[in-house]
Amino acid sequence: MSSCTLSNEPNQRLTRLVERHTPQLLIPVGIGPDSAVTLLITVGDNPERLNTEASFAALCGVSPIKYSSGPRTSRRLNRGGDRQANAALHRIVFTRLRVDPRTQAYFERRTQEGKTRREIIRCLERYAAREVFNLVGTVSTDPLLFARDT
């Protein structure tokens, strides 16, 4: 067996697991098996905390937090939450910025409105979290869900 076959096997297994349990999660642009699995783990580990998409966004560290400096009031990303889920959403956004014309058009429009790159990415990460939450819906709380399928 070649080394390519060995290193590709775990990715294929992850893809099959996601396709079997939440195939709708692989449909949107930018969401690959690695990101999907990371976000599913986050959802599955915290079902009691996920009543709304806002709670999922906070759990992933992409909920906006107001802050002010003198007369200026703005928002920044929550620095808490699951760092792996946050990184997965970040990968999704940057993949979309590279390949998705709608995301690129959104980025250009918001830039013309005077938003900074950081603010636009914050908005896109929040949108991605909302999209993932709505696609996943409720995930089984059975901890052996994926263990039985491997």
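Because the structure is a prediction, the values reported are computed rather than measured.
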Hey, what do you get for [atom1] ([X]) to [atom2] ([Y]), rounding to the nearest 0.5 Å?
X: L89; Y: R130; atom1: CG; atom2: CZ; result: 12.0 Å
X: R91; Y: D34; atom1: CZ; atom2: CG; result: 6.5 Å
X: R117; Y: I120; atom1: CZ; atom2: CD1; result: 8.5 Å
X: S35; Y: L26; atom1: OG; atom2: CG; result: 10.0 Å
X: E131; Y: I27; atom1: CD; atom2: CD1; result: 10.5 Å
X: T103; Y: E108; atom1: OG1; atom2: CD; result: 12.0 Å

Query raised in the report: Can a salt bridge be assigned to the pair R110 and E113 using a cut-off of 4.0 Å between side-chain N and carboxylate O?
Result: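 Judged by the 4.0 Å cut-off on N to carboxylate O distance, R110 and E113 do form a salt bridge.
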Taking the side chain as C-beta and beyond, is there a heavy-atom pair between [X] and [Y] under 4.5 Å?
X: L124; Y: I92; value: no
X: L50; Y: L59; value: yes
X: T95; Y: R98; value: yes
X: L25; Y: I31; value: yes

Which heavy-atom pair separates [X] from [Y] by the least distance, and what is that distance?
X: P33; Y: V18; answer: O-CG2, 4.3 Å
X: L135; Y: P28; answer: CD1-CG, 3.4 Å
X: L97; Y: Q104; answer: O-NE2, 3.0 Å
X: A58; Y: S63; answer: CA-OG, 3.5 Å
X: R126; Y: P64; answer: NE-CD, 4.0 Å
X: A129; Y: V62; answer: CB-CG2, 3.7 Å

* Going through the checks in order, is the salt bridge (Lys or Arg N to Asp or Glu O under 4.0 Å) test met by E19 and R16? -> CA-CA 5 Å; E19 286 173 344; R16 284 194 308 267; over 6 Å; no
Flag, side chain of D82 to backbone of T42, donor-acceptor distance under 3.5 Å:
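Checking the backbone N and O of T42 against the side chain of D82, no donor-acceptor pair under 3.5 Å is found.
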query: Has the side chain of R96 got a donor or acceptor atom that lies under 3.5 Å from a matching backbone atom of V29?
result: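 Checking the backbone N and O of V29 against the side chain of R96, a donor-acceptor pair under 3.5 Å is found.
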- Query: Quick one: side chain to side chain donor-acceptor pair (under 3.5 Å) partners of T38, sequence neighbours excluded?
  - Reply: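 Testing T38 for side chain to side chain donor-acceptor pair (under 3.5 Å), a comparison that skips the adjacent residues, returns none.
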* Asked: Applying ring pair (Phe, Tyr, Trp, His ring centres under 6.0 Å), which residue pairs with at least one partner in residues 87-128 are found, sequence neighbours left out?
  ->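 Those involving residues 87-128 are H90-F94.
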